[in-house]
Q: 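Can you read through this structure? Questions will come right after.
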Amino acid sequence: MTATKKNHPLTMLRQLGKRVLPSDRKAPGAHEYTIDELARLADTTVRNVRAYQDRGLLPPPEKRGRTGIYSDVHMARLRIISKLLERGYTIANIKDLLAAWEQGRDLNDILGLEVAVTSPWAEEAASYVDYEDLLRWFGEQITPDVLQKIIALDYVRPEGDRLRVPSPRILNAGIELVDAGIPLEALLDEVNSVRGQVDMIADGFVRLVVTHLIDAKYGDKGLPEGEDVANLAEFITRVRPIADMVVSGELARILDKAINKVLMDRLANVLEHLETRTPG
């Protein structure tokens, strides 16, 4: 029986996407924003942006005619404000903290450090796909429950009738694995399980850097001063590809070991089978 329009898979997926619309916190590669774009991408409101600016928490935008143009500097500061608010600090607390942070320091260096710390690690450009694309790639495996898992893992973000894909590279990898025969839901469950372990690896590496290269110099409650502010921003920028090399190298080593073990175990099973068939 033909599905009614109300129960059509595309209709169900679009409705689900609107119900679970997540906040879009990142815009890799975008460096200029109108106030509306800035507020949306920073998961706040235009009213809040203006209020933060009026209170001196945000630097003023660049004026182009009647339009204010905001940059990654404003995005970085908004991310910091949002994180501090989430931790229970008040606007007054944050203003005092920022005032202390800026005391005796060059503002350009401070803003440069904030951008270095809060910028997305990966610079991969996002892309957009349609719900029809998901059905074409994954067919009946795209159910409402599976779509919720994909959104929860932040592999797609519904925006109206389209889906924003923060990492097309990951999406393409998923398409290939599913094409090879791995069930989509099983793949998502495994990724969800692995993510916690990856979080631990990332936390450990960051803790190593902070303990030995930041706390050792400034203390666990200290802030860099003078030229150290710019130096720290430069270091954070440089350490990213270094961390990628370390983690990627270790992951490649572990995968190589795991794949070889599977192959050797399979060959051993075959040999045992042959031995049982061979007369003594």
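Note that the coordinates shown come from a computational prediction; the quantities given were computed from them, not determined experimentally. Values reported hereafter were calculated over all heavy atoms of this structure, with side chains retained and with hydrogens, waters and symmetry mates removed.
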Q: If you measure from CG on Leu187 to CD on Gln141, what distance do you get to the nearest 0.5 Å?
A: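 Interatomic distance, Leu187 CG to Gln141 CD, rounded to 0.5 Å: 9.5 Å.
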Q: More than 12 heavy atoms of other residues, nucleotides or ligands under 6.0 Å from NZ of Lys149: yes or no?
A: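 Yes.
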Q: Counting N and O atoms only, with roles assigned by atom type, does the side chain of His74 sit under 3.5 Å from a partner on the main chain of Pro59, one being a donor and the other an acceptor?
A: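 It does hold such a pair.
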Q: Would the distance check show the side chain of Arg195 and the main-chain N or O of Leu153 forming a donor-acceptor pair, the cut-off being under 3.5 Å?
A: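 Yes, the answer is positive, given that a donor and an acceptor are paired below the 3.5 Å cut-off.
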Q: Are Arg50 and Tyr70 in a cation-pi setup, meaning NZ or CZ lies under 6.0 angstrom from the ring centre and within 45 degrees of the ring axis?
A: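 Here Arg50 fails the 6.0 Å and 45° test against Tyr70.
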Q: Measure the CZ-CG distance between Arg136 and Leu134 for me, rounded to the nearest 0.5 Å.
A: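 Going from the CZ atom of Arg136 to the CG atom of Leu134 covers 9.5 Å.
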Q: Look at the side-chain heavy atoms of Ile, Leu, Val, Met, Phe, Trp and Tyr, link any pair under 4.5 Å apart, and say whether Val210 and Leu208 land in one connected group.
A: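 Different hydrophobic clusters.
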Q: Please name the residue in the list Leu188, Val191, Leu171 that meets the side-chain contact (heavy atoms from CB on, under 4.5 Å) test with Ile150.
A: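 Looking at Leu188, Val191, Leu171, the match for Ile150 under the side-chain contact (heavy atoms from CB on, under 4.5 Å) is Leu188.
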Q: Sequence neighbours left out, what passes side-chain contact (heavy atoms from CB on, under 4.5 Å) with Ala39? Give chain and number order.
A: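 Counting only residues at least two positions away or on another chain, Ala39 forms a side-chain contact (heavy atoms from CB on, under 4.5 Å) with Thr44, Val46, Val49.
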Q: Which residues pass the salt bridge (charged side-chain N to carboxylate O under 4.0 Å, His left out) test with Asp36, not counting sequence neighbours?
A: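 None.
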Q: Could you point out which residue of Asp189, Thr143, Val178 forms a side-chain contact (heavy atoms from CB on, under 4.5 Å) with Leu184?
A: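 Exactly one candidate clears the test, Val178.
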Q: Show the numbers, then the answer: is there a side-chain contact (heavy atoms from CB on, under 4.5 Å) between Gln53 and Leu57?
A: CA-CA 6 Å; Gln53 195 172 310; Leu57 276 65; over 6 Å; no
Q: Does a side-chain heavy-atom distance below 4.5 Å link Arg162 with Val129?
A: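 Side-chain contact under 4.5 Å: no.
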Q: Taking side-chain contact (heavy atoms from CB on, under 4.5 Å) as the test, write out the residues that go with Asn172, two or more places apart.
A: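 If we apply the side-chain contact (heavy atoms from CB on, under 4.5 Å) test to Asn172, skipping adjacent residues, the hits are Ile175.
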Q: For the pair Asp133 and Trp137, evaluate side-chain contact (heavy atoms from CB on, under 4.5 Å) and give the outcome as yes or no after the intermediate values.
A: CA-CA 6 Å; Asp133 294 323; Trp137 292 325; 3.7 Å; yes
Q: How close do Pro166 and Asp154 get, heavy atom to heavy atom, and via which atoms?
A: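 So the two residues come closest at CG-O, 3.7 Å.
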Q: Examine distances only and state if a side-chain atom of Glu37 and a backbone atom of Thr34 form a donor-acceptor pair shorter than 3.5 Å.
A: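 Side chain of Glu37 to backbone of Thr34, a donor-acceptor pair under 3.5 Å: yes, one is there.
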Q: Working note: Arg157 + Leu163, criterion side-chain contact (heavy atoms from CB on, under 4.5 Å); need CA distance, chi angles, decisive distance, verdict.
A: CA-CA 5 Å; Arg157 303 173 188 174; Leu163 295 162; over 6 Å; no
Q: Tell me whether Arg55 at atom CZ has more than 12 heavy atoms from other residues, nucleotides or ligands lying less than 6.0 Å away.
A: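 Incorrect, the count does not exceed 12.
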Q: Does Glu32 pair with Arg64 as a salt bridge, N-O distance under 4.0 Å?
A: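 Between Arg64 and Glu32 there is a salt bridge, with a charged N closer than 4.0 Å to a carboxylate O.
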Q: Closest heavy-atom contact between Met75 and Ala42?
A: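 Taking Met75 first and Ala42 second, the nearest heavy atoms are SD-CB, 3.9 Å.
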Q: Is there a side-chain contact between Tyr33 and Asp72 in this structure, where contact means two heavy atoms from C-beta onward sitting under 4.5 Å apart?
A: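 Result yes, sub-4.5 Å side-chain heavy-atom pair found.
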Q: May I ask you to check whether over 12 heavy atoms, not counting those of Tyr155, lie within 6.0 Å of atom OH?
A: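 Atom OH in Tyr155 is crowded, with more than 12 foreign heavy atoms closer than 6.0 Å.
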Q: Looking at side-chain heavy atoms only, is the closest gap between Ser82 and Asp43 below 4.5 Å?
A: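 Sidechains of Asp43 and Ser82: no contact.
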Q: Given side chains that start at C-beta, do those of Ile69 and Thr67 come closer than 4.5 Å, heavy atoms only?
A: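 A side-chain contact exists here, since the closest heavy-atom pair is under 4.5 Å.
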Q: Among side-chain atoms of Glu159 and Tyr128, is any donor-acceptor pair under 3.5 angstrom?
A: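 Short answer, yes.
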Q: Among Leu41, Leu58, Val73, exactly one meets side-chain contact (heavy atoms from CB on, under 4.5 Å) together with Leu78. Which residue is that?
A: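 Output: one option passes, namely Leu58.
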Q: Where do Ile151 and Val156 land on the side-chain contact (heavy atoms from CB on, under 4.5 Å) test, with the steps shown first?
A: CA-CA 5 Å; Ile151 293 172; Val156 298; 3.8 Å; yes
Q: Would you say the side chain of Leu85 lies within less than 4.5 Å of the side chain of Ile91, judging by non-hydrogen atoms?
A: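 Contact flag for Ile91/Leu85 side chains = yes.
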Q: For a side-chain contact (heavy atoms from CB on, under 4.5 Å) with Leu84, tell me which candidate from Thr90, Ile94, Leu98 qualifies.
A: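 Passing option: Ile94.
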Q: Give, for atom CD1 of Ile142 and atom CD of Glu185, the distance between the pair rounded to the nearest 0.5 Å.
A: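 Ile142 atom CD1 to Glu185 atom CD measures 10.0 Å (nearest 0.5 Å).
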Q: Quick check: closest heavy atoms across Ser193 and Gln197, and the distance to 0.1 Å?
A: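 Minimum heavy-atom contact is O-NE2, 3.8 Å.
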